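Remarks on the structure that follows.
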Amino acid sequence: MTPLGQIIAAQIARTGPLSIAEYMALCLLHPEHGYYTTRDPLGAAGDFVTAPEISQMFGEMVGLCLAQSWLDQGGPTPFTLAELGPGRGTLMADILRATARVPGFHDAAQLHLVEASPTLRTVQKSALDRWAVHWHDRVDTLPARPLFLVANEFFDALPIRQFIRDDGGWRERVVGLQDDALCFGLTQPSRIATLEDRFARTQPGDLVETCGPAQTIAQDLGQRIADHGGAALIIDYGDADRTGDTFQAVQGHKKTDPLAAPGLADLTAHVDFAALARAAPCAATQLATQGVFLERLGITPRAQALAARLTGDALNTHVAAHRRLTHPSEMGTLFKVLGFVAEGAAPPPGLEL
């Protein structure tokens, strides 16, 4: 058992089973042994690769989308340009490079990053060393001004709870101990007020997932945009009002048992985009697949322009990157895009209300 696994096992022995949310929070953010607090998990040497690491085209499309939305809203000055969970800073660096020629955009932008990992903050500082960056531990400390924001693969890492439908209510899935090993278990059935609407739409045995932190953040972002203007792009894997177990662990670019190596594997779950849209007190766009979103923004013409200057292995890598970002059998369909804007504002390019 890992050092963090021993800590978790001792806590369970003292106080009883943990919810999935409590287990995820410890595994990802424990101050000494947490997955995100102790490492850079990205890239070939890490455990997973995100879209900005695959190709600069992803960040270029996102940057121009946000810049056009800023122009559509009259170019407010100043405004907050923000990212939630910026990873290595690659996406924001590409956004800033792509928008350098948008008149007034950089002069008006004030850069804010929401990042809990000290390790990743150091990497981001290096990637964005030409910029005055303001870091935040939480979304609710962002400035009260127009907000243009992207969150790519941020919401999937927020702690979830899981409930299995029973004839008499819901049994929560928890992490307990059996023979000194971590294991899954179930609580006794009870009625859950926040799940009453799901009870009539599910069958006994169905599993549903909830993410309170995600809804709280969506509500905060939506309120800021409703009050001050702006736009948010939420890009992640998931769907709307789904059922089923999506809790997973990834280590060394392979899926693994979520209980096998606490603190050494990334833990995520699919995002419920419908819940985010309901929580936001502003206008939410229709959900689009990542492939459709990027194609609407012009990623293929951009890919062709870049390809004209490439040959050999570099060209093959570039073509593969375009396919990985957009093709339905790769990231094109699994990943979705949801936008937030103020009521009455035009949707971000690539999305529809």
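Keep in mind the model is a prediction, meaning the values are calculated, not measured.
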TODO: Kindly determine whether V208 and Q162 satisfy side-chain contact (heavy atoms from CB on, under 4.5 Å), including the steps that lead there.
DONE: CA-CA 6 Å; V208 301; Q162 293 185 322; over 6 Å; no
TODO: Give the C-alpha distance, both sets of side-chain angles, the deciding distance and a yes or no for side-chain contact (heavy atoms from CB on, under 4.5 Å) between L91 and V150.
DONE: CA-CA 9 Å; L91 174 55; V150 61; 4.0 Å; yes
Open item on the list: Test side-chain contact (heavy atoms from CB on, under 4.5 Å) on T289 and F335; report intermediate values, then the result.
Closed with: CA-CA 6 Å; T289 65; F335 280 73; over 6 Å; no
- [ ] Let me see the working for T268 and Q248 under side chain to side chain donor-acceptor pair (under 3.5 Å), right down to the final yes or no.
- [x] CA-CA 6 Å; T268 65; Q248 65 180 8; 3.2 Å; yes
Task: Intermediate values then yes/no, side-chain contact (heavy atoms from CB on, under 4.5 Å), C27 and Y35 - done: CA-CA 6 Å; C27 288; Y35 180 78; 5.9 Å; no
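Within the 4.5 Å cutoff, the side chain of Q6 has no heavy atoms near those of the Q11 side chain. Within the 4.5 Å cutoff, side-chain heavy atoms of P76 are placed close to those of F148. Using a 4.5 Å cut-off on side-chain heavy atoms (C-beta onward), P52 and V62 make no contact. In this structure the side chain of I234 reaches within 4.5 angstrom of the side chain of L276, judged on heavy atoms. By the 4.5 Å heavy-atom criterion applied to side chains, Q286 and L351 are not counted as neighbours. Between L325 and E330, every side-chain heavy-atom pair lies at or beyond the 4.5 Å cut-off. Under the 4.5 Å side-chain criterion, counting only non-hydrogen atoms from C-beta, L315 is in contact with V319. At a threshold of 4.5 Å between non-hydrogen side-chain atoms, the residues F184 and V174 do not count as touching.
Distance check, rounded to the nearest 0.5 Å: CG of L267 to CG of L28 gives 5.0 Å. Here the CG atom belonging to L26 is positioned 6.5 Å from the CG atom belonging to L18, to the nearest 0.5 angstrom. Rounded to the nearest 0.5 Å, atoms CE (M61) and CD1 (I299) are 6.0 Å apart. For the atom pair M331 CE and I235 CD1, the distance stands at 9.5 Å (nearest 0.5 Å). Distance check, rounded to the nearest 0.5 Å: NE2 of H270 to CZ of R242 gives 8.0 Å. Atoms SG and CD1, on C211 and I20 in that order, are 12.5 Å from each other to the nearest 0.5 Å.
A donor-acceptor pair under 3.5 Å is formed between the side chain of Q124 and the backbone N or O of G87. Under the 3.5 Å distance criterion, the side-chain polar atoms of E60 are left unmatched by any main-chain donor or acceptor of I95. Not a single donor-acceptor pair under 3.5 Å links the side chain of S69 to the backbone N or O of P348. Distance alone, capped at 3.5 Å, places no donor-acceptor pair between the S55 side chain and the F58 backbone. A donor-acceptor pair under 3.5 Å is formed between the side chain of H106 and the backbone N or O of L96. The backbone N or O of L353 sits nowhere less than 3.5 Å from a side-chain atom of T285 that would complete a donor-acceptor pair. With hydrogens and angles disregarded, no donor-acceptor distance shorter than 3.5 Å links the side chain of T243 to the backbone of D206. For S19 (side chain) and E22 (main-chain N/O), a donor-acceptor pair under 3.5 Å exists by modelled atom type. The backbone N or O of H30 sits less than 3.5 Å from a side-chain atom of T37, completing a donor-acceptor pair. Checked by atom type and distance alone, the side chain of D266 never pairs as donor or acceptor with a backbone atom of V250 at under 3.5 Å.
Between A157 and M24, the shortest heavy-atom distance links the atoms O-CE, 3.9 Å. For G350 against L297, the heavy-atom pair with the smallest separation is N-CD2, 4.0 Å. For L287 against V337, the heavy-atom pair with the smallest separation is CD1-O, 3.5 Å. Considering every non-hydrogen atom in both E115 and P86, the closest pair reads OE1-CD, 3.1 Å. For the pair L158 and P213, the tightest heavy-atom approach, listed with the atom from each and the gap, is CD1-C, 4.2 Å. Scanning all heavy atoms of the two residues, the minimum distance from C65 to L233 falls at SG-CD1, 3.8 Å.
When the shell of 6.0 Å around CG of D197 is examined, it contains more than 12 heavy atoms from other residues, nucleotides or ligands. Summarising the local packing, CG of D313 is surrounded by 12 or fewer heavy atoms from other residues, nucleotides or ligands at distances under 6.0 Å.
Tracing side-chain contacts under 4.5 Å through hydrophobic residues (I, L, V, M, F, W, Y), one reaches Y36 starting from Y23; they form part of the same cluster. No single ILVMFWY cluster, assembled from side-chain heavy atoms under 4.5 Å apart, contains both V114 and L29. Hydrophobic clustering, with ILVMFWY side chains joined whenever heavy atoms are under 4.5 angstrom apart, keeps W135 apart from L149. No single ILVMFWY cluster, assembled from side-chain heavy atoms under 4.5 Å apart, contains both L142 and L66. In the hydrophobic cluster analysis, where Ile, Leu, Val, Met, Phe, Trp and Tyr join through side-chain heavy atoms closer than 4.5 angstrom, V292 is grouped apart from I54.
Note that R191 lies in the cation-pi zone of F199, set by a 6.0 Å cut-off to the ring centre and a 45° limit from the axis. A cation-pi geometry, defined here as NZ or CZ lying under 6.0 Å from the six-membered ring centre and within 45° of its normal, does not hold between R173 and F163.
For F155 and Y237, the ring centers sit 6.0 Å or farther from each other.
Side-chain atoms of E209 and T246 include a donor-acceptor pair closer than 3.5 Å. T300 and H322 are linked by a side-chain donor-acceptor pair at a separation below 3.5 angstrom, with hydrogens and angles left out of the test. Side-chain atoms of R165 and T202 include a donor-acceptor pair closer than 3.5 Å. Between the side chains of T90 and E53, a donor-acceptor pair is found at a separation under 3.5 Å.
Residue T80 forms a side-chain hydrogen bond (donor to acceptor under 3.5 Å, both in side chains) with just one option from R145, R224, H228, and that option is R145.
Taking 4.0 Å as the cut-off between side-chain N and carboxylate O, R296 and E352 count as a salt-bridged pair.
Relative orientation of the H112 and H134 rings is parallel, given thresholds of 30° and 60° on the angle between their planes.
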